[in-house]
Asker: 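Supplied in structure tokens, the structure appears directly below.
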Amino acid sequence: MATINFASHHCLVIDDFQGMRYLMRDMLRECGAVHIEMASNGKEALQRLQERRYDIVLCDYNLGQGKNGQQLLEEAKLRQLIGPASTWIMITAEKSSDWIMGAVEYQPDSYLLKPITADLLLSRLEKIAVRKQAFAEIAQAMSNKQYTRAIALCDERLAYDQVNAAELQRLKGALLLDAGEVEAAQKLYEAVLTKREIAWARTGLGRICYQQGEYEAARDHFQISREQAPGYLEAYDWLARTLQKLGEAEQAEATLSAALKLSPNSPLRQKSLGELALQRGDLDAADAAFRKSIAVGEHSILKSADAYLGLARVCGKSGRSDEALKVLKTAQHQFDDANVTLRAKSAEGMIYTQEKQLSKAGAVADELKQLLLEGGAKPDSAASLEMAELMLATGQRDQAVTLLKDVVRNNHEDNALLGKVQAVFDGANMKAEGSNLVEACRREAVELMNSGVLLARDGKLTEALAAMRGAKEKLPANARVLFNFAFVAVMYLQQRGADEALIEESREALREANRVSPGEKRFSQLMEALNKLEQR
């Protein structure tokens, strides 16, 4: 007899075998569920998930052709088709470590190995339900990006909930990092580690060191975490990232390879391995990694255009230009994304340049220029760099300089990216001129960033808001400008009263700033201020 009433829960059973679907449906009925729907494959399941929010999802790992259960879970989470209160249980007959590591990495609430009984299912559902109830308010605050509230809720529960204390501490540490409360996060992690070695706490300290530019200390933390918990894949990813910062590309590549031996079906990790191998000039290793990324990502929302573009570069460097061009066309077909189109065409133009087919390269550059003039394409930094390289190679200097200036203005504090901009100038024999342009654009960005704030401090709030809105329009991807716009908007709203349209404009600016530069303290502070203004 169930101790929790599942009668009001909406359930979805996903399995490609009809008999198993009916068996799982009947087990759910024995657990007390009434509202049960079924899907026979990933496509049908996605359709149902878009139409209704389910409380319980039982999903088989192997779903025949198309998406598997893991890929379905990835997409459901990224598209927010399931919320923090939803329960997702993965079911399989597989017992291999590859599957188990992959399933754990993408965090279903639980996984069950066949054969399954109704009693086992009920026991697992009840345990998950109890945990979900304990974290319900915190999860809702996290979904709303109310980090300060979520942290306070963790503290409230930690005062009496010893059963969930470890998970509450882990969650609080992650929230403190998301909120930019670095000192508080560091104290929490150190306090945890004084009692015993825990991978998430050690990795948290490593992330703090990484964020502060202390890469050797970060490397040491991540290495300890990896040694103490060999299956904790997050430590591998951070260690590889840190080793790259230290210029130890070969060791970074070895770290990713070790992670992929544990969980080989990550398209993003395979793509990263390919990029490292390509940087080292190991074309065979890069080729294999990019192809693996494409293969395992075929039905995944995490499939990466960078894997296709990387493979095209490998083919081009290996003298297989025809194959490179085919891969680039495939990338454009696979990804309905303006930036992918721009990058693929830029790569195509560079292949023609390398082959001395300058008329074809020029034609591609003209096509890119037209796309930009039409205003339909808004290139990101990667696309801008690649287009600029082609345009400089084909004599379209002015357009290239305009693109590179925009990259600098929107990323004036990102020294690594500014180094890439300078490298493009260097490659076109424009070293001194490029250096002067980069510095001038940096100064311009700082002036735009500060203009509204200075007016606001002088009490000229209307002028300040107008100045920051203008800066935001000119530099739509500059995190500092976006944060300053929201800061000035909050000051304006506090004096003039709530304005629903301005509150939403400010939230949108903050969401974009957080996407560009996550973990800034001002994000949570300004979001909280906007929430209070809205509640007046």
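Bear in mind that the values here come from a model prediction, so they are computed numbers and not experimental data. In this chain, numbering begins with 1 at the start of the sequence shown.
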Asker: Apply salt bridge (charged side-chain N to carboxylate O under 4.0 Å, His left out) to Glu167 and list each qualifying residue two or more places apart in sequence or on a separate chain.
Answerer: Arg170
Asker: Enumerate donor-acceptor pairs with a distance under 3.5 Å from any side-chain N or O in residues 214-228 to protein atoms, sequence neighbours excluded.
Answerer:
residue : atom : partner : partner atom : Å
His221  : ND1  : Arg202  : NH1          : 3.1
Ser225  : OG   : Ala199  : O            : 3.4
Ser225  : OG   : Thr203  : OG1          : 2.9

Asker: Run the side chain to side chain donor-acceptor pair (under 3.5 Å) test on Ser143 and Gln140 for me, step by step, so that the C-alpha distance in whole Å, both residues' side-chain angles and the decisive distance to 0.1 Å come before the verdict.
Answerer: CA-CA 5 Å; Ser143 293; Gln140 189 58 55; 5.0 Å; no
Asker: List the residues meeting side chain to side chain contact (heavy atoms under 4.5 Å, CB included) with Leu311, not counting sequence neighbours, and say none if there are none.
Answerer: Asp287, Phe290, Arg291, Ile294, Cys315, Val327
Asker: If only atom types and distance count, is the side chain of Gln186 paired as donor or acceptor with the main-chain N or O of Val182 below 3.5 Å?
Answerer: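 Side chain of Gln186 to backbone of Val182: no pair is present.
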Asker: Can you measure from CG (Asn68) to CG (Asn41) and round to the nearest 0.5 angstrom?
Answerer: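 It is 12.5 Å, given to the nearest 0.5 Å.
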Asker: Is a side-chain donor-acceptor pair under 3.5 Å present for Gln279 with Glu275?
Answerer: no
Asker: Which heavy-atom pair separates Leu177 from Ala185 by the least distance, and what is that distance?
Answerer: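 Reported closest heavy-atom pair: CD2-CB, 3.8 Å.
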Asker: If you look at every heavy atom in Gly297 and Lys303, which pair is closest and at what distance?
Answerer: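 Between these two residues, the closest heavy atoms are O-CB, 2.9 Å.
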Asker: Please table the atom pairs, donor to acceptor, closer than 3.5 Å between any side-chain atom in residues 476-491 and protein atoms at least two apart or in another chain.
Answerer:
residue : atom : partner : partner atom : Å
Asn478  : OD1  : Arg480  : N            : 3.0
Asn478  : OD1  : Val481  : N            : 3.1
Asn478  : ND2  : Arg409  : O            : 2.7
Asn478  : ND2  : His412  : ND1          : 3.0
Arg480  : NH1  : Glu413  : OE1          : 3.0
Arg480  : NH1  : Glu413  : OE2          : 2.1
Asn484  : OD1  : Arg522  : NH1          : 3.3
Asn484  : ND2  : Met449  : O            : 2.8

Asker: Which residues satisfy the side chain to side chain contact (heavy atoms under 4.5 Å, CB included) test with Ala134, sequence neighbours excluded?
Answerer: Arg157, Asp161, Asn164
Asker: Does Asp337 use its side chain to pair, donor to acceptor, with the backbone of Asn339 at less than 3.5 Å?
Answerer: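 Yes; at least one donor-acceptor contact below 3.5 Å.
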Asker: Using the test side chain to side chain contact (heavy atoms under 4.5 Å, CB included), find all partners of Ala285 that sit at least two apart in sequence or belong to another chain.
Answerer: Glu253, Ala277, Asp282
Asker: Which residues pass the salt bridge (charged side-chain N to carboxylate O under 4.0 Å, His left out) test with Asp155, sequence neighbours left out?
Answerer: Lys172
Asker: Could you measure the distance from the CZ atom of Arg241 to the CG atom of Leu246? Nearest 0.5 Å is fine.
Answerer: 13.5 Å
Asker: Using modelled atom types and a 3.5 Å cut-off, is there a donor and acceptor pairing between side-chain atoms of Asn514 and backbone atoms of Leu510?
Answerer: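 Answer holds: no.
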Asker: What's the separation between atom OH in Tyr111 and atom CZ in Arg124, rounded to the nearest 0.5 Å?
Answerer: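 One finds 9.0 Å between OH of Tyr111 and CZ of Arg124.
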Asker: Not counting sequence neighbours, which residues clear salt bridge (charged side-chain N to carboxylate O under 4.0 Å, His left out) with Arg511? List them please.
Answerer: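 For Arg511 the salt bridge (charged side-chain N to carboxylate O under 4.0 Å, His left out) partners, ignoring immediate neighbours, are Glu504, Glu508.
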Asker: Taking all heavy atoms of Ser506 and all of Leu530, pick out the closest pair and write down the distance.
Answerer: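 Here Ser506 and Leu530 meet closest at CB-CD1, 3.8 Å.
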Asker: Closest approach of Arg21 and Ser40, non-hydrogen atoms and distance?
Answerer: NH1-CB, 3.3 Å
Asker: Looking at residues at least two apart in the chain, or sitting in another chain, which of them share a side chain to side chain contact (heavy atoms under 4.5 Å, CB included) with Lys127?
Answerer: Ser123
Asker: Measure across Tyr54 and Ser86 and return the closest heavy-atom pair with its distance rounded to 0.1 Å.
Answerer: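 In terms of heavy atoms, the two residues are closest at O-OG, 2.9 Å.
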Asker: Using the ring pair (Phe, Tyr, Trp, His ring centres under 6.0 Å) criterion, which residues pair with His299? Sequence neighbours excluded.
Answerer: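 Partners of His299 under the ring pair (Phe, Tyr, Trp, His ring centres under 6.0 Å) test: none.
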Asker: Should we count CD of Glu197 as having more than 12 external heavy atoms under 6.0 Å?
Answerer: yes
Asker: I'd like to know if the side chain of Tyr236 and the backbone of Pro230 have a donor-acceptor N/O pair within less than 3.5 Å.
Answerer: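 Indeed, once roles are kept as given, a pair shorter than 3.5 Å links the two residues.
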Asker: Look at the side chain of Gln244 and the backbone N and O of Ala252, then say whether any donor-acceptor pair between them is shorter than 3.5 Å.
Answerer: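 No.
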Asker: Does a sphere of radius 6.0 Å around NZ in Lys132 hold more than 12 heavy atoms from other residues, nucleotides or ligands, not counting ones at 6.0 Å or beyond?
Answerer: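 It does: Lys132 NZ has more than 12 such atoms within range.
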Asker: Could you note down all residue pairs passing salt bridge (Lys or Arg N to Asp or Glu O under 4.0 Å) where residues 44-62 supplies at least one of them, sequence neighbours left out?
Answerer: Glu37-Arg48, Glu37-Arg52, Glu44-Arg48, Asp60-Lys114
Asker: Under the ring pair (Phe, Tyr, Trp, His ring centres under 6.0 Å) rule, collect the residues that match up with Tyr147, sequence neighbours excluded.
Answerer: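 Residues passing ring pair (Phe, Tyr, Trp, His ring centres under 6.0 Å) with Tyr147: Phe523.
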Asker: Give, for atom CG of Leu385 and atom CG of Leu417, the distance between the pair rounded to the nearest 0.5 Å.
Answerer: 6.0 Å
Asker: Quick one: CG on Asp237 to OH on Tyr232, what's the gap to the nearest 0.5 Å?
Answerer: 10.5 Å
Asker: Step by step, would you call Glu75 with Gln71 a side chain to side chain donor-acceptor pair (under 3.5 Å)?
Answerer: CA-CA 6 Å; Glu75 185 156 349; Gln71 292 165 338; over 6 Å; no
Asker: For Ala383, does its backbone N or O pair with a side-chain atom of Asp380 as donor and acceptor, under 3.5 Å?
Answerer: yes
Asker: Do you know the tightest heavy-atom contact between Cys31 and Leu125?
Answerer: SG-CD1, 4.3 Å
